[in-house]
Amino acid sequence: MVEVREIFSKYGPDSQVVVRGWVHRVFKVGGKIFAWVRDPTGVVQVVFEKSSIPEDVWPKVKKLTRESSLEVEGVVREDPRAPGGREVLAKNVKIYCISPPFPIRGKEDIEFLLNVRHLWLRSRRMTAIMKIKHTVLEALREWLLKEGWWEVTPPILTCSAVEGGATLFEVKYFDKKAYLSQSAQLYLEVLIYSLGKVWSLTPSFRAEKSRTRRHLSEYWHLEIEGAWYDMEDTMKVAEELVAHAVRRVLEERREELQLLGRDVSKLEPALETPYPRITYDEAIERLKRKGFNIEWGDDLGADEERALTQDFSKPFFVTHFPKKIKAFYMKLDPNRPDVVLGYDLLAPEGYGEIIGGSQREDDYGKLLARIREEGMDPKDYEWYLDLRKYGSVPHSGFGLGVERLVMWVAGLDHIRDATPFPRWRGRIYP
RNA sequence: GCCGGGGUAGCUCAGCCGGUAGAGCGCCGGGCUGUUAACCCGGUGGUCGGGGGUUCGAGUCCCCUCCCCGGCGCCA
């Protein structure tokens, strides 16, 4: 058994090969049948000639359809008329399954494709994206393990909110109510007291009916938390981590990026760290100069974020946001208590936020005050507040949206394609 | 939640001032020994998203409703 890719590298003309896979496309021309056979590594043209295969096999080959599965035994030969310059002349074939007419032929609209997502995922485009995501995930893990971060496993079923109750998915938990995790952060904060530097990769859930191309209801969330880390320390982690992932993709997924039409020169500046840093104050100034009607204290909307990304050719940080637009757990800047020691990392080319992080409030009294200020019930955060009583230390962390990162790296125009089975705006099928 | 666009054959769509449903592709049959979205001939194809109303007559006009897509907000 050989991989299709190997026919174009390792196995030259006249090699005897056996390949198996799926019929990507089939053309029937008189006494010849051309089938493009796809496996996970590529596509090769297989030629069936009436005289080249056993007589009893021919009628079955005539029935081949798109996405039929088969195993072909044949000889490699060169032919300029074949895609890629090589093809396999079939000597024999075992057909596993003749498919009924395949519903996807390339002109379908997005709604239809989403309903047949289970079949659409076989496309070369989706395959390329999934391979890129694989490499991104591998790179993220590789970097963190190399740098001594402990991988931990926080719960998905949780008792409390992190980002606000309105966006929680509620589930039945025996005779109680529980919620699907929106973030592992609070649990990671628990674990730094024993492990110091921790990270996790988990699904996170947000019940917002977001109608944007940058939001999923279920997404893969990579979060880190480090004891004794201040804001700047974790910003360094963030930029090195992202740069490493981009480096890995550029090294290992060139072919896939090319298939997607991704301009890799747009990615190369991200290899070099540090990434630029601007404060929220400066962002507002820049936006005012660009003609935006925005005041200090306003959150950065999609248009504003997009406009800022035009000023940079690589990811960049925006830091020190007003406290009223950020979460309660962020530490206030001791020199300027109206802003937090928090940051976003925005990807260029209009992609925007891929990481959000901060130094955490480590003072019991101040954290309690912030919880009350936000109108939340301190009772729900008793265990979290405990962390500030028993050996509290300065600490910081961030969350990275894996699909956001993949979307930017792969140059996708919608986040739903950065995950095989997108859950967003209520979609749950297939 | 708000704003905009849409739902007609398996798929992509057309359907004018209301007059009784169309094309291309697919599929089926036939032909073709180099196809690259093959081609040629013949055949097949419909709860016009759902409900109600106006009308002699509704895909078309009106009301209600469901679903999908794009944008905003929220965030990673």
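Because the structure is a prediction, the values reported are computed rather than measured.
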> Where along residues 218-226 of chain A does a heavy atom come under 4.0 Å from RNA chain B, residue by residue in number order?
Replying inline: A:Tyr219, A:His221
Taking only N/O atoms, report every protein-nucleotides 1-10 of chain B pair under 3.5 Å with atom names and distance.
| residue | atom | partner | partner atom | Å |
| --- | --- | --- | --- | --- |
| B:G10 | N2 | A:Arg105 | NH2 | 3.2 |

>> Any strand counts, and the cut-off is 3.5 Å on both contacts for Watson-Crick or G-U wobble. Which nucleotide pairs with B:U36?
In response: none
>> Under 4.0 Å, counting only non-hydrogen atoms across every strand here, what does A:Ser204 touch: a base, just sugar-phosphate, or nothing?
In response: nothing
>> Please list all pairs meeting side-chain hydrogen bond (donor to acceptor under 3.5 Å, both in side chains) that have one or both residues in residues 131-145 of chain A, counting only residues at least two apart or in different chains.
In response: A:Lys133-A:Glu403, A:Lys133-A:Thr419, A:Thr135-A:Arg253, A:Arg141-A:Glu151, A:Glu142-A:His244, A:Glu142-A:Arg248
> Looking for any heavy atom pair under 4.0 Å, which part of the strands does A:Trp58 touch: base, sugar-phosphate only, or nothing?
Replying inline: nothing
>> Contact list please: residues 270-301 of chain A against RNA chain B, heavy atoms, distance less than 4.0 Å, in numerical order.
In response: A:Asp299, A:Gly301
> Among side-chain atoms of A:Glu240 and A:Thr273, is any donor-acceptor pair under 3.5 angstrom?
Replying inline: yes
>> Using a 4.0 Å heavy-atom cut-off, does A:Gly356 contact any base of the nucleic acid, only the sugar-phosphate backbone, or nothing at all?
In response: sugar-phosphate
> By side chain to side chain donor-acceptor pair (under 3.5 Å), which residues pair with A:Thr65, not counting sequence neighbours?
Replying inline: A:Ser68
>> Let's test this: given Watson-Crick or G-U wobble pairing with both distances under 3.5 Å, identify the partner of B:A23.
In response: B:U12
> Sequence neighbours excluded, which residues qualify as ring-ring contact (aromatic ring centres under 6.0 Å, His included) partners of A:His414?
Replying inline: A:Trp424
> Across all strands, who's sitting opposite B:G4 as a Watson-Crick or G-U wobble pair, both distances under 3.5 Å?
Replying inline: B:C69
> Mind checking what makes ring-ring contact (aromatic ring centres under 6.0 Å, His included) contact with A:Trp149, not counting sequence neighbours?
Replying inline: A:Tyr229
>> Considering every strand and a 4.0 Å limit on heavy-atom distances, what is the contact class for A:His414: base, sugar-phosphate, or nothing?
In response: sugar-phosphate
> How does protein contact run along nucleotides 28-41 of chain B, one letter per nucleotide 5' to 3', with B for base contact, S for sugar-phosphate only, - for none, heavy atoms under 4.0 Å?
Replying inline: ----BBBBBSB---
Distance-only donor-acceptor pairs under 3.5 Å for side chains of residues 19-29 of chain A, two or more places apart:
| residue | atom | partner | partner atom | Å |
| --- | --- | --- | --- | --- |
| A:Lys28 | NZ | A:Lys62 | O | 2.6 |
| A:Lys28 | NZ | A:Leu64 | O | 2.9 |

> With sequence neighbours excluded, what pairs up with A:Glu239 under the salt bridge (Lys or Arg N to Asp or Glu O under 4.0 Å) test?
Replying inline: A:Arg277
> Base, sugar-phosphate, or nothing: which does A:Leu216 touch, judged by heavy atoms less than 4.0 Å apart?
Replying inline: base
> Would one find a side-chain N or O of A:Arg425 under 4.0 angstrom from OP1 or OP2 of B:C72?
Replying inline: no
> Side chain of A:Arg213, base of B:C69: donor and acceptor closer than 3.5 Å?
Replying inline: no
>> Roughly how many Å apart are B:C11 and B:C3, using the C1' atom of each and rounding to a whole number?
In response: 30 Å
> In whole Å, what separates the C1' atom of B:C25 from that of B:A14?
Replying inline: 15 Å
> What residue among A:Val57, A:Val88, A:Val61, A:Leu89 forms side chain to side chain contact (heavy atoms under 4.5 Å, CB included) with A:Phe48?
Replying inline: A:Val61
> Is a salt bridge present between A:Asp377 and A:Arg372, judged by a nitrogen-to-oxygen distance below 4.0 Å?
Replying inline: no
>> Checking A:Tyr219 now: which residues fulfil ring-ring contact (aromatic ring centres under 6.0 Å, His included) with it, not counting sequence neighbours?
In response: A:His221
> Can you name the residues that form a ring-ring contact (aromatic ring centres under 6.0 Å, His included) with A:Trp199, not counting sequence neighbours?
Replying inline: none
> Which part of the nucleic acid does A:Leu400 contact within heavy-atom distance under 4.0 Å: base, sugar-phosphate only, or nothing?
Replying inline: nothing
> How far does the C1' atom of B:G45 sit from the matching atom of B:A23, given to the nearest Å?
Replying inline: 13 Å
